[in-house]
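Residue numbering restarts at 1 for every chain, and letters A, B, ... go by the order of the sequence lines.
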Amino acid sequence: MNDATPATRPDQRQQDIRHDFTSAEPRWQAEWEKRACFSVPDVPPPEARKYYVLEMFPYPSGKIHMGHVRNYTLGDVVARYKRARGHLVMHPMGWDAFGLPAENAARERGIHPGTWTYQNIANMRAELKRMGLSIEWDREFATCDAEYYGRQQKLFLDFYRAGLVERKESWVNWDPVDGTVLANEQVIDGRGWRSGALVEKKKLSQWFFSITKYAPDLLEALDGLDRWPERVKLMQANWIGRSEGARVRFRLAGPVADTTEVEVFTTRPDTLFGMSFLAVAAEHPLAQAAAARDPKVAEFVAECRRMGTSEAAIEQAEKRGCDTGFRVAHPFIEGATFPVWIANFVLMEYGTGAIFGCPGHDERDFEFASKYGLAITPVVLPPGADPASFTLDGAAYTDDGTIFNSGFLDGLDVAAAKRRAIEALEAKGQGTGVVNWRLRDWGVSRQRYWGCPIPFIHCEACGVVPVPDDQLPVKLPEDVDFSKPGNPLDNHPTWKHVACPSCGKPARRETDTCDTFVDSSWYFARFCSPRAEAPVTKAAVDAWLPVDQYIGGIEHAILHLLYSRFFTRGMRDTGHLTLAEPFAGLFTQGMVQHESYKGADGRWLYPEEVEFSLAADGTRSGVVKGGNEPVTIGRVEAMSKSKRNTVDPGAIIDRYGADTARWFILSDNPPERDMEWTESGVAGAYRFTQRLYRLVATALPGLPPAGPVPEGAEGAKKLRQATHRTIAAVTEALESFAFNVAVARIHEFANAIAEAGGGEEMGAARREALETIARLASPMMPHLAEELWSLLRPGTEALVAQLPWPEADPALLRAETVTLAVQVLGKLRGTIEVAVDADEATIFALAEAEENVQRSIAGKPIRKRIHVPGRVVNFVV
RNA sequence: GGGGGCGUGGCGGAACGGUAGACGCAGGAGACUUAAAAUCUCUCGGGCGCAGGCCCGUGCGGGUUCGAGUCCCGCCGCCCCCA
């Protein structure tokens, strides 16, 4: 290769050798489909090693975006790799198809939500298919299919019968103009996002899944999820929010109406002796009682109500309070009483709506007590502090220490004092140790059309009656009117009027539909037997679940995953399946980002509207294409339609092909991080696909037929070692999701093949190398791999998609010699080449003799010799 | 405010406590072209030196170690989650 022959200009000829991805990619996609390469049975044979790969299914917005490309490429690499490793791989795809955008389209453009959704699905399916994903499309479904949501209704009813569903009153955001309930994110500055009307709080009867029943298990089981990212588990644990503490009953010094006690929840019963006040929420009965007899208190209570009630708002708001005039007795200190205040930072929804204040060891209490001149008594002594002289220095002390000023708790540490205090409370009958949870029950009622109808009927005589199983599915009506405000299901003239299944009298259908998080909480189970009569087939889910590798965005780290974990438990307890954890392995990918561009007038520009140029000093600038309007190159940020910094996957595939898009997306950086989509990066990936093709195509005439590789010349052995080391390295990289490293190793291997040249004696080793590189690249560039394979093995039956993964020959992984770094005092002074089995004395002698090492030692005595086999020699002088 | 994570060339990033910067992108020089594209070769952290080579360098300051990007302590900055 290096002995150039200018007269014939070999590269001139080579330039015409090009991989025509435009025809090749659809051809191989058709071939995979024809051979049903990716099909698996609902119930795998007992000897099969099953592997379930799943990416979070998309919302059918109409077009795929780069985030989808990244997500599905990652999953496809795993699926193809695991298949090659001999697993029976299930890799399905479906659509998270219910939700508000379809109703918005209906309102704005008069198109039916169903029509809009199924059109979008058709578009997106075609786009996904162009990516060459190894998906079993026969398992496809959309959550808006009656075949799907009907089974969901069956699960809903089973959960109801198992006591996992309840109906209770709850506050909602009500838009009085649109006549709809708004999600929190639809309320902007207290106004409805569409109508701009002031949102009101309204109490409605709503459906709830009793997720809190599983709170302890949902928390504890996180420990067993060893292939989940730690931070996701941490986020879930925080969300579930277990806190240990005590309920303490304080006797009122004088009864208030019929009330003689106030119950408080606290996580710090160890600090009870540091109490200086008791505080209740504005909605608390005691606050109401105080308000009733004192207009000033009433005014304060009303003020609290107007304030935001989110935890964040409360954290930031100034701590304010108002004395009720009531007093409570201390459970431990005989004869001591403390004032009862109303405080704006106490929440009625959390715990009991009342707290006891210990300003010495709680920051909020400290702030409150300081402001209103309430007593501050320290009862926890920091390590090393002197109890006689210790004072709090302008802040609460919240860390561990030794209890003092606390009677029978004195001398204990915080944890021990909590236990003792609870024992004492229980002995006196004034309290109990309890566990409190932050997790609330899951409200699933939505007052919308495009969702799964909740299968109940309201009867005046019989109350809430479940729809009998044989009347499922409760289908959405087709003829709906979106011109009126409110829920179209409720507005529908006939749909909701039905006979009560119990007494037969006229009754009314439930018009609420399910939160779309319900739809995505069990789709992974339905994929195992997507056409089954029951929601799932037990033999299928028991065999296929859990999902071995689940891949999706970090934005679903809490809700979707938690709800799915809940649903799986619910399905277990209603006999549908037998496991608790649906996702054994979880991988969360980063976002796809791009530079953003603005025109001279500040309008956002699409990347394809900008023409770039490079100045002599390396700075890049841009102008609007076809003119000279200057462009401001902005930050690299998440692709978004509003900033127009998007790249259309369809256009990329048109121009470079799916393999190039996949290769670039994998090569740029580790998949858990945010990646930057760059035009030059894609171009580089494209160059590599062509280079690989050329490497194979030009070598082809000189290759011997396929067969065993003989022991060859020295050069051949080097190439064979590179081949087998690359197999080992790529395998390891794929196993650990280091796809960018796998790509780098394949690049290096391509360089090694090119450098090895094409001498006659190299033939068999060269064939082995080229066949191997095609196969190693196949999970990432499946079409090109097939194309290369068909060149290398014309007429062969098997596709790369059907071949087993290459095996590295251990004999070729071993090296005869190894390069050791030689350091003097930890600084690199040279390297030596030694036989792998050389003894230490030989190695030290050789290292010491090295010219540059000699100079560094400079005749000084060597005090210590360190040898790390295969790595380094270090002399201490 | 609490919790978690991350800081390595111009850029994305490699690196079981053991030769920092693999691989790619961008850049530079050259070859082939009338030219461009494509392709190929060389170069590419900073400084000193004709060179052999030397010094500095993984956010900053300490520490542990024969040896620290990696481990420990304290800062600074950025990101995420819960508020």
Nearest heavy atoms of A:Tyr597 and A:Pro607, plus distance in Å
CE1-CA, 3.7 Å
Between B:C81 and B:G21, how far is it from one P atom to the other, in whole Å?
36 Å
Shortest non-hydrogen contact from A:Leu222 to A:Ala237?
CD1-N, 3.8 Å
Please tell me which of the listed nucleotides, B:A14, B:G18, B:G4, lies nearest to the side chain of A:Arg673?
B:A14
Between atom CG in A:Leu692 and atom P in B:U39, what is the gap in whole Å?
14 Å
Please enumerate all residues that pass ring-ring contact (aromatic ring centres under 6.0 Å, His included) together with A:Trp228, with sequence neighbours excluded.
none
Whole angstrom value for the distance that separates C1' of B:C11 from CG of A:Asn669
12 Å
A:Asp365: partners by salt bridge (charged side-chain N to carboxylate O under 4.0 Å, His left out), with sequence neighbours left out:
none
Only distances under 3.5 Å count here; give the side-chain donor-acceptor pairs of residues 854-861 of chain A to other protein atoms, sequence neighbours excluded, each with its distance to 0.1 Å.
from     : atom 1 : to       : atom 2 : distance (Å)
A:Gln854 : NE2    : A:Glu848 : O      : 2.7
A:Arg855 : NE     : A:Asn852 : OD1    : 3.4
A:Arg855 : NH2    : A:Asn852 : OD1    : 2.5
A:Ser856 : OG     : A:Arg829 : NE     : 3.4
A:Ser856 : OG     : A:Asn852 : O      : 3.2

How far, in whole Å, is B:C23 from B:C78 if one measures between their C1' atoms?
27 Å
Provide the closest heavy-atom pair for A:Glu595 versus A:Asn645 in the form atom of the first, atom of the second, distance.
O-CB, 3.1 Å
Which whole number of Å gives the distance between the P atom of B:A22 and that of B:A15?
13 Å
Rounding to 0.5 Å, atoms CZ (A:Arg565) and CD1 (A:Ile240) come to a distance of 6.0 Å
Using the C1' atom in both, what is the distance from B:G45 to B:G69, to the nearest Å?
15 Å
Close N/O contacts between protein and nucleotides 62-71 of chain B (under 3.5 Å):
from  : atom 1 : to       : atom 2 : distance (Å)
B:C66 : O2'    : A:Asn874 : ND2    : 3.3
B:C66 : O2     : A:Asn874 : ND2    : 2.5

Nearest whole Å is fine: how far is B:G4 C1' from A:Glu672 CD?
15 Å
Could you give the side-chain donor-acceptor pairs of residues 866-877 of chain A under 3.5 Å, partners two or more places apart or in another chain?
from     : atom 1 : to       : atom 2 : distance (Å)
A:His867 : ND1    : A:Glu840 : OE2    : 2.9
A:Asn874 : OD1    : A:Leu825 : N      : 3.4
A:Asn874 : OD1    : A:Gly826 : N      : 3.0

In a table with atom names and distances, give each donor-acceptor pair under 3.5 Å that connects a side chain of residues 743-751 of chain A to protein atoms at least two apart or in another chain.
from     : atom 1 : to       : atom 2 : distance (Å)
A:Arg745 : NE     : A:Glu748 : OE2    : 2.8
A:Arg745 : NH2    : A:Glu748 : OE2    : 2.9
A:Asn751 : OD1    : A:Arg691 : NH1    : 3.0
A:Asn751 : OD1    : A:Arg691 : NH2    : 3.1

B:G5 C1' sits how many Å from A:Asp674 CG, rounded?
13 Å
For A:Glu755 and B:C40, give me the distance from atom CD to atom P, rounded to whole Å.
12 Å
Identify, with sequence neighbours excluded, every residue that meets salt bridge (charged side-chain N to carboxylate O under 4.0 Å, His left out) alongside A:Glu555.
none
Give me the ring orientation class for A:Phe739 and A:Phe737: parallel if the planes are under 30° apart, tilted from 30 to 60°, perpendicular past 60°.
tilted
Which of the following nucleotides, B:U39, B:A20, B:C55, is nearest to the side chain of A:Leu828?
B:A20
Give me, pair by pair, the N or O atoms of the protein and of nucleotides 78-82 of chain B that are less than 3.5 Å apart, along with how far apart they are.
from  : atom 1 : to       : atom 2 : distance (Å)
B:C82 : O3'    : A:Arg438 : NH2    : 2.8

Say you pick atom P in B:U65 and the same atom in B:C72; how far apart are they, in whole Å?
16 Å
Pair A:Glu230 + A:Lys233: basic N to acidic O under 4.0 Å:
yes
Bracket notation of RNA chain B in which parentheses pair within the strand, [ ] cross earlier pairs, and | pairs with another strand (Watson-Crick or G-U, under 3.5 Å)
(((((((..(((.....[....))).(((((.......))))).((((....))))..(((((..]....)))))))))))).
Sidechain-backbone polar pair: A:Asn740 side chain, A:Asp668 backbone, donor-acceptor under 3.5 Å:
no
With sequence neighbours excluded, tell me which residues meet salt bridge (charged side-chain N to carboxylate O under 4.0 Å, His left out) with A:Glu732.
none
Using atom P in both nucleotides, what's the gap between B:C44 and B:A36 to the nearest angstrom?
26 Å
Nearest-Å distance for atom pair CD1/P, residues A:Ile746 and B:G13
20 Å
Sorted by chain and number, sequence neighbours left out, salt bridge (charged side-chain N to carboxylate O under 4.0 Å, His left out) with A:Glu220 holds for none
Since syn is defined as within 90° of 0, does B:G9 count as syn or as anti?
syn
Rounded to whole Å, the CZ-C1' distance (A:Arg364 to B:G2) equals 12 Å
May I ask you to evaluate whether A:Arg18 reaches the phosphate of B:U39, defined as a side-chain N or O under 4.0 Å from OP1 or OP2?
no
Distances under 3.5 Å between protein N/O atoms and the N/O atoms of nucleotides 22-24 of chain B, please, pair by pair.
from  : atom 1 : to       : atom 2 : distance (Å)
B:A22 : O2'    : A:Glu748 : OE1    : 3.4
B:A22 : O2'    : A:Glu748 : OE2    : 3.4
B:A22 : N3     : A:Arg745 : NH2    : 3.3

C1' gap between B:G49 and B:C56, integer Å
15 Å
Counting the atoms with a prime plus P, OP1 and OP2 as sugar-phosphate, which does A:Thr678 contact under 4.0 Å by heavy atoms, base, sugar-phosphate, or nothing?
nothing
A:Glu850 CD - B:G52 C1' separation (whole Å):
12 Å
